[in-house]
Structure formats: structure tokens, C-alpha cells
Amino acid sequence: MSGTTLGIFIVIVAYILGMVGIGIWFSKKNNNVNDFYLGGRKLGPLVTAMSAEASDMSSYLLMGLPGLAYISGIADVGWTAIGLAAGTYLNWLIVAKRLRRYSAAAGNAITIPEFFSNRYRDKSNALLGISAIIIIIFFIPYTASGFSACGKLFSSLFDIPYIPAMLVSAVIIVGYTALGGFLAASTTDFIQSIVMTLALIIVVFFGVQTAGGIDVVIDNASKLPGYLSMTNTYDAVSNSSNNYGFITIVSTLAWGLGYFGMPHILLRFMAIEDENKLKLSRRVASIWVVISMAIAIFIGIIGYSMSKAGAIEVLSGSDSETLLIKISQILSSHGILAIILAGIILSGILACTMSTADSQLLAASSSISQNILKDVLHLRISEKGTMLAARLTVVIIAVIAAFIARDPNSSIFTIVSFAWAGFGASFGPVMLFSLFWRRTTRTGALAGMISGGAMVFIWKYLVRPIGGAWDIYELLPAFLVACAFIIIVSLLTKAPEQEILNEFDSI
């Protein structure tokens, strides 16, 4: 291992030890399962905002967006970013405060499945069980994609085998999550959002300087057909532009709908200590998301000019997602301070993945230990036993996720996009109707949840392969189908009991 690589390694290890230390610290503050899974509803506004967005962005922010912008220009990433920014803002604006208030009033629910069950007084536990199963189905492979991303990062950086690198990453994430629970995950996510921001800023300034200045960057990009257009994409193979049509734009914008159904983000809304501070959280979160995604896209444009200047090799295909890694390796050759800065960049990439994986582990764990074992199967477990079950469940889920992630050639983006659609269509419509339509019934919510989840599979594997006008991201049609089922079935079934209506009106 060279001196430069060793220096980067030390910076990353110091960062990781800091995250584990936070887990150990917060392990002393978890007195019961409410603390472990929801932090006792004691999150401050800044931690709420930044931990929610850090857990949302994952490695897509520092790897996916720059890589896609590098090879195809700004249209695809631009419309995706607009959809995600709009979804983020609307989620904070219309869902956060109502969900915080409603989840506390509806039996002090500490998980999303429990909220749905309490909201509709579901004595059959059908809503609870099915929503818990949906979380497990989509979150375990989602977590696996995070482990895989960490493994690939360490493997490419330090020239070590993928499997050991992936397993070490999984052990670290499981360690601080199982020890400290929700408070540890939220606090580390807050710190990781800062590291991610520093990484973006460092890369922009170094990249522009290396490429020859901002004028050179813009001039090089403008010479590529369709590269800076929002209605065309650049094709590097043929050096021409392809039309980015209206249907594709709508399909891409639909990514924003996913926010209404993301359990690991919705839990942050439920956990804030003071609902009146959600306005501050909304502003901080929305501004950070817009700026960070804009910078990430700009880094992709800078990367092209760096390749043109010969600073980094020309990247193609999935290799474009290693753009920040390539830039950090160049930066590290400029002295001790540069090595530290390169270590921060690479820690930022690691932070993106870790901040998402820990939140997913907790959400999936709560579905098993809290919703299935205690609420559905009615196992009588003491408070101490419940805490032990919660931690063991985190470990078990991580083992399954690590097994799924054993293949280094697995497609991270494919898994993430499918899981995003699954949650968005299964939970998003049910959450919105639960908070805004008092006439929604238990059966209607159940129908919406099942139809939304089923349509994701149907559209992905049966309809979308037809191509043409049918080539739409599965989240959009599945979301609309779920909404239709909720409305129709609710109107065809008996109206909710007066007790449920009174509670809704009070919220």
C-alpha cells in the first residue's frame, strides 16, 4: 500500500470509528423499544432535516448523478432532480406535520405499519402484517445494494477482494445501528450529510481548476450536441443527440412520488420533538437537496472537461459512476492536505451509502420484531427481550442482505429504482389518503396497498418491456392504480366508524 493510499485509508478509518463511537454512545440512551425505533420522538429540527435527506440520497448523489451527467448531459439527471426536489418539498409541506401529530394520537405508533393499523382500527391486523411484509420484501435487497456499493468502493480503492470488503462494510453499519438504534442512525446521518456536502464542494473547486476554469468547462459541454439541453440527451457513441420526449419527462418526474411512501424518511417526520419546528426542517432539507443535486450534476459536466484535458481517462457505461473516485485519486497526489481532502471525498461516498443502509435496516427490523412478532403473532416479550429481539433482527436482516450482495456484478441502480417504486406505490397513496381523506376505509387502504405493490411487478415485467409509449417508470402507473383502488373500494364499503372520523377531525 502506497503512502497516499495509506493516508486515505487512515482518514476513512477515522471516519468509520467515529460512526461506531456514536452507536456506542447512544446505546446507553435506549431505555425501551420506542427509543430504539423512534428515538423517543426527541429529534431536533436540523437532525430531522439532514438525517432524512442523507438517508434518502444514498450513493446516487455522489455516484449516480455525476456519472449519468458525465455520459449523457443534463436532461435525464435534470428532470430526475426536479422530480426529487419537488417530491422532497411536498412531502415536508403536506405530510410531515400531519403524520407527526396523527402517529402520536393514533396509539403512539412508532412504525409505519403500526400507524396504518391504528389509524383504521384494524383488529384483523391485515394492514399491519401486509405492510410489514412489503417493507421486508423491498428493504432487504435495498440494504443489500448499500452493502454492495460499500464493497465496490473499498475493493476498487485498496485493491482487496470484493467479498471481504463488502462484509467489513456490513459489520460496521450493523454495529452502530444495532447498538444505538434510531438516535445513532439519525445522528450519524446528520454528520454524514455534512461530509457529503464537503465532498461536493471540494470536488467542484478542484475539478474546475484542473479542467482549466469555468469558461472552459461550459465551452466544452456546449460543443456536444444535446449535452446541455433539457429536451435532448447526448449519445457519446455516435456523437449526436437523442430526443428526450414528453412521456420520458413525465416518467422521470414520477420519481418524486416515491417520497410519500418511504418508511425511513416518514419515520423522521414521526420522530421530531416539536412539530412547530418542521417548517425550519422543511426549508433546510429542501434547500440542501436542490443545491447538492445541482452540484452533483455540475460535477458530471466538469468531469467531461477533465477527461478532455487528459486529467482523467475517458469513462463509459457504469464506469462513469466512479468519477468522484477518479477525481479524488488525482487530488491525493498534491500533498498531505490533498490526501486528507481526498479521504473526505471518499468518506462522503461511503457516507451516502451508510446513511441509507442504516435507516433501511431499522425500518426492516421494526417490521419483524415489533409488527410481526409482537403485533401479529402476539408473542409476549418483556421490554428487555423486545430490545434484544430488535437488535438480533437487525443482525439477521443484515446477514440476508449480505448474502444477496455477494455478487459484485449486481446492478445497484436497478435494485434501488425498483424498491423505490415498490414503496412509493404501496405506501404513498395510502399515506396521502390516510392523512387527507376522512372517508378512506380500512378495506380501501388495504386494496390500495396491495394493488400498488402488485402493479409495480406487473408493469415492470409484463407491460414496460413492450416499449414505446409503455416504457414508463413503473412507479407512475402503479401509484395511479393504487389511488383508484383506494377511492373506489372506500366508496363501495361501509363508512369509517364515528370514533375514527372524530380522531381524523381532531388532527
Side-chain angles (χ1 to χ4, degrees), residues 22 26 29 34-35 37-58 61 81-106 108-112 115 180-198 200 255-295 351-352 355-356 358-360 362-363 423-424 427-428 431-432 434-436 507:
I22 290 172
F26 280 108
K29 298 181 179 293
N34 186 21
D35 290 339
Y37 282 132
L38 208 59
R41 299 186 193 269
K42 298 175 183 176
L43 287 192
L46 291 180
V47 175
T48 300
M50 298 309 293
S51 67
E53 301 317 314
S55 66
D56 157 37
M57 282 291 112
S58 72
L61 178 65
I82 291 172
L84 293 175
T88 297
Y89 180 77
L90 291 174
N91 206 24
W92 281 97
L93 180 66
I94 67 177
V95 172
K97 190 170 185 177
R98 288 193 176 215
L99 180 58
R100 170 61 178 86
R101 187 180 299 171
Y102 213 156
S103 61
N108 194 32
I110 62 174
T111 68
I112 298 302
F115 167 68
F182 186 82
L183 284 173
S186 297
T187 305
T188 53
D189 289 354
F190 173 67
I191 295 172
Q192 286 159 350
S193 69
I194 297 174
V195 176
M196 290 154 62
T197 303
L198 289 175
L200 288 169
W255 273 81
L257 294 174
Y259 281 104
F260 301 122
M262 291 298 130
H264 56 300
I265 298 175
L266 297 173
L267 284 174
R268 263 61 180 191
F269 300 161
M270 295 165 59
I272 193 168
E273 184 173 18
D274 184 357
E275 66 177 53
N276 294 317
K277 294 181 180 179
L278 279 167
K279 180 182 289 187
L280 174 60
S281 298
R282 180 179 76 239
R283 290 173 177 171
V284 171
S286 301
I287 291 172
W288 184 82
V289 163
V290 170
I291 294 176
S292 62
M293 287 194 296
I295 293 176
C352 284
S355 61
T356 303
D358 58 18
S359 299
Q360 293 164 346
L362 273 179
F423 284 125
F427 291 157
M431 178 60 69
L432 291 175
S434 296
L435 297 177
F436 289 95
I507 302 301

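Keep in mind it's a predicted model, so treat the numbers as computed, not measured.
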Evaluate the side-chain proximity of [Y] to [X]: yes if any heavy-atom separation is below 4.5 Å, no if none is.
X	Y	answer
Leu99	Met270	yes
Ile94	Phe436	yes
Asn276	Lys97	yes
Ser292	Leu200	yes
Leu266	Phe427	no

Do you know the tightest heavy-atom contact between [X] and [Y]?
X	Y	answer
Ile265	Asn91	CG2-ND2, 4.0 Å
Phe423	Pro263	CD2-CD, 3.8 Å
Ile507	Arg101	O-NH1, 3.2 Å
Ser434	Tyr102	O-CE1, 3.7 Å
Gly87	Tyr259	C-CD1, 3.6 Å
Ser281	Ile272	OG-CD1, 3.8 Å

Check Phe260, Trp288, Phe269 against Trp92 for a ring-ring contact (aromatic ring centres under 6.0 Å, His included) and give me the one that passes.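 Option passing the ring-ring contact (aromatic ring centres under 6.0 Å, His included) with Trp92: Phe269.
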
Looking at Glu275, is its backbone amide N or carbonyl O close enough to the side chain of Arg100 to form a donor-acceptor pair, meaning the two atoms are under 3.5 Å apart? no

Got a second to check how far [X]'s [atom1] is from [Y]'s [atom2], nearest 0.5 Å?
X	Y	atom1	atom2	answer
Leu267	Ile110	CG	CD1	9.5 Å
Lys279	Leu93	NZ	CG	10.0 Å
Ile287	Thr88	CD1	OG1	12.5 Å

